[in-house]
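Report on one structure; see the data block that follows.
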Number of protein chains: 2
Amino acid sequence: MLQLKDLPDAKVLRKFAERYAEVDSDSVIHYLNILRIGTELSDSLDRFLATHGLLQGRWWVLILLMREDDLTTTPSELADKSGVSRATMSGLINGLLRDGLIARQEGDVDRRSYSVKLTEAGQAKLDEVMPDYYSRVKKMMGAIPVQQRDNLLMQLMLIKEQSHVFD
Amino acid sequence: MLQLKDLPDAKVLRKFAERYAEVDSDSVIHYLNILRIGTELSDSLDRFLATHGLLQGRWWVLILLMREDDLTTTPSELADKSGVSRATMSGLINGLLRDGLIARQEGDVDRRSYSVKLTEAGQAKLDEVMPDYYSRVKKMMGAIPVQQRDNLLMQLMLIKEQSHVFD
DNA sequence: TTATTATAGTTAGCTGGCTAACTATGTCAA
DNA sequence: TTGACATAGTTAGCCAGCTAACTATAATAA
C-alpha cells in the first residue's frame, strides 16, 4: 500500500489548514512519517528476501510452518496466525506448492481441510535465509539501545491502540 | 503486505535460536512489532476511508492534486511524489477517472504526457473526508505528547536509516 | 540533420490483499 | 433424525504493488 513519499511541508500544511480547521500539523506529520517508515521497512525486507529468491508473504508461511513440531499445519491456522484471509492464504500456499517448498497432506480428522508441511527444500531455504535475516535485524535494531526500543515500542502501541478512533 | 499477526513467543524464539545462532530475541520482537503496527495503522486508515467510499491509494492522489494551485499535475509527478511506479499510478488514475473525481487534460507542452485535474466532485469528496480524517489523526496522535512523539519519530528514523543493512 | 539516449505513459504478467459467493463438511438445536 | 447454523477452502472480481517491454515523444551528441 502506497504511503506518501513526498510528505507535506509547512506550505502544504498551511494550505490544508486554511481549508480544514481540524488540521494539527504535528500530528499529521508524525502520523504520515510513521506510515511511511513502516512501508520502507517492509520494502527493505522485500528486497532482501528477493536476493534469496523469496517473496515476503510466502516466507512468513514457511516460518509459521517451521514453528510446528511436525512442520505441519492447516491453511486456516496459517491464515489466522498471519492475519490474512483464507482466500489470500490459499494463493500463498499454491505458490509455495508450485515451488516445492511445502507439500500437501490430505486431512484425516476433518474432511473439509488438509494440511501443509514444510518440505526439505523449504527447510533448506529457511536455513539459507534466516541466519542472514537475523544478523541483519540485529544490526539494524542495534541503532537504538534495547531499553529505548522498549519505550519506542510502548509508544507505538499506544498510538495503535488509539487507532480505533478511525473506526 | 502481510506482517505477522501472531508474533513469536519465548518458546518459538528459543526454538529458532537453537537452530540459528544469530537470533537476538529483543531485536526480532521489536522489529516484528514495528512492522505489524505499521500494517495495522494502515489498515485502520483503509477502513476509515472505506466508510467514505474511498480507497487509500486513490485518496492520496486526490490529496496530491489538491496541493497544486491549479489542482493539476502529471501522472509521473504523482508517481514520484507518492513513491509508486508510473505503471501503478496509471491504474490509480484510471480508477479516479472512472469515478469522476479527476479529469484528464491533454498535454500541450509535452506530447508524451497529459495532465489530470481534481474535479469539483473530487474536491467535494475531499471536503467530506479531510475534516473527519484530521480530527481523528489529531485524537490518535494525542495519545502521546508532542515532544515524546518527536523523539519517537527520530528513533524510528534511525532504524529506517539502518535498514540499508538489508541491501 | 541523424542517431543515440532518455523520458512519459501503458500493457502484460506476476504478486498478494480483500469480499462475496460457493461447495463440502461439521456441529448443534429441535 | 432433520434442519439450521458454522466452518474450511476455493473462486471470481476488484484492488494495487512490481518489472519488463512497448510506443511515442523529447533531448542530446555527433
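Residue numbers begin at 1 in each chain, while the letters A, B, ... track the order of the sequences.
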Please determine whether any donor N or O and acceptor N or O are separated by less than 3.5 Å between the side chain of A:Arg111 and the base of C:dT25.
no

What one-letter contact string describes nucleotides 10-16 of chain D from 5' to 3', where B marks a base within less than 4.0 Å of any protein heavy atom, S marks contact via sugar-phosphate atoms alone, and - marks no contact?
BB---SS

In this structure, how many angstroms lie between the P atom of C:dG16 and the CG atom of A:Leu54, rounded?
10 Å

For B:Tyr134 and A:Tyr20, take the angle between the two ring planes, folded into 0 to 90°, and tell me which bin it lands in: parallel under 30, tilted 30 to 60, perpendicular over 60.
tilted

Over 60° means perpendicular and under 30° means parallel, so tell me whether A:Phe166 and B:Phe48 are parallel, tilted or perpendicular.
tilted

Rounded to the nearest angstrom, tell me the gap between atom CD1 in A:Ile102 and atom P in D:dG9.
12 Å

At 4.0 Å (heavy atoms only), tell me whether A:Ser76 reaches a base, stays on the sugar-phosphate, or touches nothing.
sugar-phosphate

Looking at side-chain heavy atoms only, is the closest gap between A:Leu126 and A:Leu65 below 4.5 Å?
no

Rounded distance (Å) that lies between atom C1' of D:dG9 and atom CG of A:Leu78:
13 Å

Could you give the distance from CG (B:Asp69) to CG (B:Leu71), rounded to the nearest 0.5 Å?
8.5 Å

Rounded to whole Å, the CG-C1' distance (B:Asp43 to C:dG17) equals 9 Å

Between P on C:dG16 and CG on A:Leu97, what's the gap in Å once rounded to a whole number?
13 Å

Any Lys/Arg nitrogen of B:Lys15 or B:Glu18 sitting under 4.0 Å from an Asp/Glu carboxylate oxygen of the other?
no

Between A:Glu77 and B:Arg112, name the one whose nearest nucleotide on DNA chain D is closer to the 5' end.
A:Glu77

Hey, could you give me each pair passing side chain to side chain donor-acceptor pair (under 3.5 Å) that has a residue in residues 144-153 of chain A? Not counting sequence neighbours.
A:Gln148-B:Gln155, A:Arg149-B:His30, A:Asp150-B:His30

Return the value, rounded to whole Å, for the distance between atom CG of B:Asp110 and atom P of D:dA27.
7 Å

Rounded to whole Å, the CG-C1' distance (A:Asp80 to D:dG9) equals 13 Å

